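Everything on this sheet refers to the single structure shown next.
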Amino acid sequence: MQYKRKFKRYFIAFIMLILCTFATIFIKNSIDSTNPENSLPLISVSAGYTTPYVVRAGYTWKFGHKTICSPYVSSADAPLTVIETCNPEENIVINFSAPYEYINVEIANGLANDDFEKVYNLTTPKEEGVYVYKITAQFDKGDILYYFATEVKNINLIT
């Protein structure tokens, strides 16, 4: 008899735990969908010793039962700024705060150029100039588009 009461209590506690878990997931998805900008994965990019300013240019993201799409912006319309210069053939490192499924990196010569070519080697070009990079990242909940610009210039530290 006493075992039946204990079993009933444990069973009710287990059911309540499952209900609380589903309620928490539902509430989190609702809060995230009201302010999706703060819920998307963060990106960090470095080109050699410089960290360029990266612009998010659009996304499609699933928040539970709801999918939110922001308008995608072209590189000509994105507010790109060249903050620092880097040397030719510097390594480019791209990190995300969440694991991604697929990443595509493309490059265009000049700020007003929309003629992107796929990058197979993540290094800055040999030729000096301003370059725009387009990063498309696919996650399990959606995809995000980023742009950043960098100036490649042979920096002579010894003068």
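These numbers come from the heavy atoms of this one structure, side chains and all, not from hydrogens, waters or symmetry mates. The shown structure was predicted, so the numbers you read here are calculated from the model rather than taken from an experiment.
Taken to the nearest 0.5 Å, the CG atom of Leu40 stands 10.5 Å off from the NZ atom of Lys141. Atom OH of Tyr131 and atom CD1 of Ile107 lie 6.5 Å apart (nearest 0.5 Å). Rounding to the nearest 0.5 angstrom, the gap separating the CZ atom in Arg56 from the CD1 atom in Ile135 is 12.5 Å.
For the pair Leu122 and Val105, the minimum side-chain heavy-atom distance is below 4.5 Å. Put simply, the side chain of Thr67 reaches to within 4.5 Å of the side chain of Thr60, judged on heavy atoms. Residues Asn87 and Asn154 meet the side-chain proximity criterion, which asks for heavy atoms closer than 4.5 Å. Looking only at side-chain heavy atoms (C-beta outward), Ser46 and Ile92 stay at 4.5 Å or farther from each other. The shortest side-chain heavy-atom distance between Ile144 and Tyr100 does not fall under the 4.5 Å cut-off. No side-chain heavy atom of Phe96 sits under 4.5 Å from any side-chain heavy atom of Leu42. Proximity of Trp61 to Asp143: side-chain heavy atoms (C-beta onward) are nowhere separated by under 4.5 Å. Using a 4.5 Å heavy-atom cutoff, the side chains of Tyr146 and Thr136 are not in contact.
Taken together through direct or relayed side-chain contacts under 4.5 Å among Ile, Leu, Val, Met, Phe, Trp and Tyr, Phe11 and Leu19 form part of one hydrophobic cluster. Both Tyr53 and Val130 sit in one connected hydrophobic cluster of ILVMFWY residues. Membership requires side-chain heavy atoms under 4.5 Å apart, directly or through other members. Cluster annotation: Val73 and Val55 are assigned to distinct hydrophobic clusters (Ile/Leu/Val/Met/Phe/Trp/Tyr, side-chain heavy-atom contacts under 4.5 Å, transitive).
With Phe148 as the partner, the side-chain contact (heavy atoms from CB on, under 4.5 Å) test is satisfied by one option alone out of Thr51, Val54, Val132: Val54.
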* Should Tyr133 and Thr124 be marked as a side chain to side chain contact (heavy atoms under 4.5 Å, CB included) after you check the CA-CA gap, both sets of side-chain angles, and the distance that decides it? -> CA-CA 10 Å; Tyr133 288 86; Thr124 57; 4.2 Å; yes
* **side chain to side chain contact (heavy atoms under 4.5 Å, CB included) between Ile94 and Ile43, intermediate numbers included** => CA-CA 7 Å; Ile94 302 169; Ile43 185 173; 4.0 Å; yes
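Although no hydrogens or angles enter the test, the distance criterion places no donor-acceptor pair under 3.5 Å between the side chain of Thr123 and the main chain of Glu90.
A cation-pi geometry, defined here as NZ or CZ lying under 6.0 Å from the six-membered ring centre and within 45° of its normal, does not hold between Lys134 and Tyr147. For Lys118 and Tyr120, the positive end sits near the middle of the six-membered ring, less than 6.0 Å away and at most 45° from its axis.
Closest approach of Val93 and Asn95 over heavy atoms only: CG1-ND2, 3.7 Å. Of all heavy-atom pairs spanning Ala47 and Pro52, the tightest one is N-CD, 4.2 Å. Taking each heavy atom of Asp115 and Ala108 in turn, the nearest pair found is O-CB, 3.7 Å. Scanning both residues, Lys153 and Pro88, for their nearest heavy atoms gives O-CD, 3.8 Å.
By the neighbour-count criterion of 12 heavy atoms within 6.0 Å, atom CD of Glu101 is densely surrounded, having more than that number from other residues, nucleotides or ligands.
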